[in-house]
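Only one structure is covered here, and it is reproduced in the block below.
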Amino acid sequence: MCELNDCTTRYVKEGDTVSQFDSICEVQSDKASVTITSRYDGVIKKLYYNLDDIAYVGKPLVDIETEALKDSEEDVVETPAVPHDEHTHQEIKGQKTLATPAVRRLAMENNIKLSEVVGSGKDGRILKEDILNYLEKQTGAILPPSPKAEIMPPPPTPKDRTTPIPISKPLVFTGKDRTEPIKGFHKTMVKTMSAALKIPHFGYCDEVDLTELVKLREELKPIAFARGVKLSFMPFFLKAASLGLLQFPILNASVDESCQNITYKASHNIGIAMDTEQGLLVPNVKNVQICSVFEIASELNRLQKLGSLGQLGTTDLTGGTFTLSNIGSIGGTYAKPIILPPEVAIGAVGSIKALPRFNEKGEVYKARIMNVSWSADHRIIDGATMSRFSNLWKSYLENPAFMLLDLK
Ligand code: CAO
C-alpha cells in the first residue's frame, strides 16, 4: 500500500519564483513532519495539492518550470516519504542550514535566502532575530513582530487551561454531517490504540500526598529557572518511577506477540503523554535511570518546546519503555490509561488539589493531594506487583528526602 503524507503548510503559490532549497511546503505522516524544499531554480507552474490534502508518496507535488526547460517541459518535485529523522536540517552546498519552518517562512516572505544569513543559534541555527537583523541591514526596515513568534510564550497554567477555550473558527451550523479522513499523528493513535485493545488491562488507583513535594518544588523552581530550566512536578514523577522500576523491572519490559518471551529493558525511556496542537504525542525521556531530576526537567523542556512547534522527531517519539500521563495539568482526578504496546504499564496522574487530611496526631491539615491511576498488562503483571510498585513510587513523592537515599 502507498504511504500517505498530509500537506500541512504551503509556502508557495502558482507563479512564484523559487530557488534551489527554498521551502515549498510541509507534509506530515504518522511518523513525523518535514519541510519539502525545491530541487530547482524556476517558476511554480502547478500545485497538485491544497492544504490538508493527502499527498501520495512518489506522485507529483508541484511542477517547476526551469530556465533550461522553459520551452520544453517542466520539472516535477515529488512527495517524498517523510524521513524518520530530524527535519529542520537543509543541505546547502555541503553545509547544513538549521531553521524552524516559522523562520523559513519569514525569510521567504521577505525574499531572503537562508544561505546568506549567519545563524546565531546553537550549531549556527538561524533564528528569527537573525532574519530581522539581516533585513534591517539590507533595507533599514524593522519588521513588526510576527504573530508566529519564534520565542514561545510560557505554557498556560492549569488555571488558564480550565478557563473557557476561545473558539478560533466561528461555528457555522450547516445542518449537514461532515466526514473527514483521519490523518497524520491521529493515524498512529488509531493503530496504537487498536493494538492496545488486545492487552488485558489491570487497573489500580491510589492517592498521593504531595504536600512536601509542593514545598520542595517551590524552593527548587527559582534555582532551576536561574539555570534556564522550568521545573514542574513531572521530573520528580519520572525519577520516582525510574527508582521504582529498578525494583520492579517487569514494569519496564515488553512481551512478544505470542506471549512466549519477556524482554526486560535496560533503559528507562519514560514516555510523557503530551497534548499538542497536532494531537496526542508521546515523546520519551531517554535513560531516566542515569539522569538527575534537573536533567530530566531540561530534557522535558526541550521535548515540550519541540512538541509545541510540531517538530518532535522520530528518535524522541520511539523507543519508550514505560509511560506517564499528566492529564491533571489539564484537569481531572482519575483516568483509565491505555498501555502503549509494546510497553506493559502506564500511569496517569490527576490534578493536585488542596484537600483536608489528617496528620499522625489526628489533626486536620491542608494537604496537596493527587490521584494516580495505573494500568498494567495483566498477562505478565499481577495486581500485587503493581500495588507494590505504586506504594514505592508514592513513598518517594510523599517523602522526597527518601529519593536522596537511592539517587546515584
Ligand atoms: N496538578 C496541578 N498542577 C500541575 C499539574 C497537576 N497535575 N501538572 C502540572 N501542573 C502545573 C505545573 O507544575 C506548572 O506550574 P508552574 O507554572 O507553577 O510551574 C504548570 O502546571 C504548567 O505545567 P506544564 O503542563 O507546562 O508542565 P508539566 O511538566 O507538568 O506537564 C505535559 C507537561 C507535557 C505532561 C503537559 O503539558 C501535557 O501535555 N499534559 C496533557 C497530557 C495528556 O493529554 N494526557 C492524556 C493522554 S491520553 O489521551
Side-chain angles (χ1 to χ4, degrees), residues 152-163 165 185-186 188-190 192-193 196 201 203 207-211 213-226 228-241 270-285 288 291 293-312 316-317 320 322-341 343 345-355 367-375 397 400:
M152 300 300 293
T157 62
K159 205 174 163 203
D160 296 334
R161 288 175 192 238
T162 49
T163 52
I165 299 158
F185 290 114
H186 287 118
T188 313
M189 195 155 80
V190 172
T192 320
M193 292 298 113
H201 282 57
E207 76 166 36
V208 189
D209 185 339
L210 294 182
T211 312
L213 186 66
V214 168
K215 282 188 217 153
L216 178 67
R217 189 186 78 111
E218 279 311 312
E219 277 175 43
L220 297 180
K221 218 172 92 167
I223 301 169
F225 190 73
V229 167
K230 188 175 149 318
L231 181 67
S232 66
F233 292 100
M234 281 304 268
F236 297 96
F237 299 163
L238 263 71
K239 192 66 206 179
I270 304 190
I272 299 136
M274 198 173 274
D275 173 44
T276 74
E277 276 189 24
Q278 297 157 290
L280 169 68
L281 294 178
V282 191
N284 57 80
V285 177
V288 175
C291 291
V293 169
F294 181 80
E295 285 165 340
I296 300 168
S298 164
E299 179 63 357
L300 184 56
N301 283 192
R302 184 185 72 83
L303 295 172
Q304 262 186 292
K305 187 171 182 201
L306 288 179
S308 64
L309 293 169
Q311 287 178 1
L312 282 165
D316 290 326
L317 290 168
F322 179 90
T323 298
L324 282 178
S325 169
N326 180 4
I327 192 68
S329 67
I330 301 175
T333 307
Y334 316 100
K336 196 178 164 199
I338 308 291
I339 297 163
L340 292 179
E343 296 172 23
I346 183 172
V349 296
S351 286
I352 304 165
K353 293 180 181 127
L355 290 168
R368 305 291 176 151
I369 299 295
M370 181 186 78
N371 280 75
V372 61
S373 310
W374 302 104
S375 291
L397 297 175

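Start at 1 and go down the list; that is how both ligands and their atoms are numbered. Keep in mind the model is a prediction, meaning the values are calculated, not measured.
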TODO: Quickly, which of L238, L231, N301, V229 forms a side-chain contact (heavy atoms from CB on, under 4.5 Å) with I296? Name it, please.
DONE: L238
Task: Proximal candidate to atom 44 (O) of ligand 1 [heavy atom criterion; set I338, D275, L231] - done: D275
- [ ] Tell me which part of N326 gets within contact of ligand 1: side chain, backbone, both or neither, using heavy atoms under 4.0 Å.
- [x] both
- [ ] Ignoring hydrogens, just give me the one of A335, S325, S308 whose non-hydrogen atom is nearest atom 45 (N) of ligand 1.
- [x] S325
Task: Per atom 1 (N) of ligand 1, closest listed option by heavy atom (T276, I352, N371) - done: I352
Open item on the list: S351 versus ligand 1: do any nitrogen or oxygen atoms come within less than 3.5 Å of each other?
Closed with: no
- [ ] Verify side-chain contact (heavy atoms from CB on, under 4.5 Å) between L340 and M193, making sure each step is shown before the conclusion.
- [x] CA-CA 7 Å; L340 292 179; M193 292 298 113; 3.5 Å; yes
Open item on the list: V349 vs I327, test: side-chain contact (heavy atoms from CB on, under 4.5 Å). Steps then yes/no.
Closed with: CA-CA 6 Å; V349 296; I327 192 68; over 6 Å; no
- [ ] Work out whether the distance between some heavy atom of M370 and some atom of ligand 1 is less than 4.0 Å.
- [x] no
Task: Element-labelled atoms of ligand 1 that are located less than 4.0 Å from some non-hydrogen atom of G328 - done: 1 (N), 6 (C), 7 (N)
- [ ] Assess whether side-chain contact (heavy atoms from CB on, under 4.5 Å) is satisfied between I338 and T192, documenting all intermediate values.
- [x] CA-CA 10 Å; I338 308 291; T192 320; over 6 Å; no
TODO: Ignoring angles and geometry beyond distance, decide whether I330 reaches within less than 3.5 Å of ligand 1 through its nitrogen or oxygen atoms.
DONE: no
TODO: Take every heavy atom of K353, measure it against each atom of ligand 1, and state whether any distance is under 4.0 Å.
DONE: no
- [ ] Would you check whether P337 reaches within less than 4.0 Å of ligand 1, judged by its heavy atoms?
- [x] no
- [ ] Run the contact test for I272 against ligand 1 with a 4.0 Å cut-off on heavy atoms, strictly below, and give the result.
- [x] yes
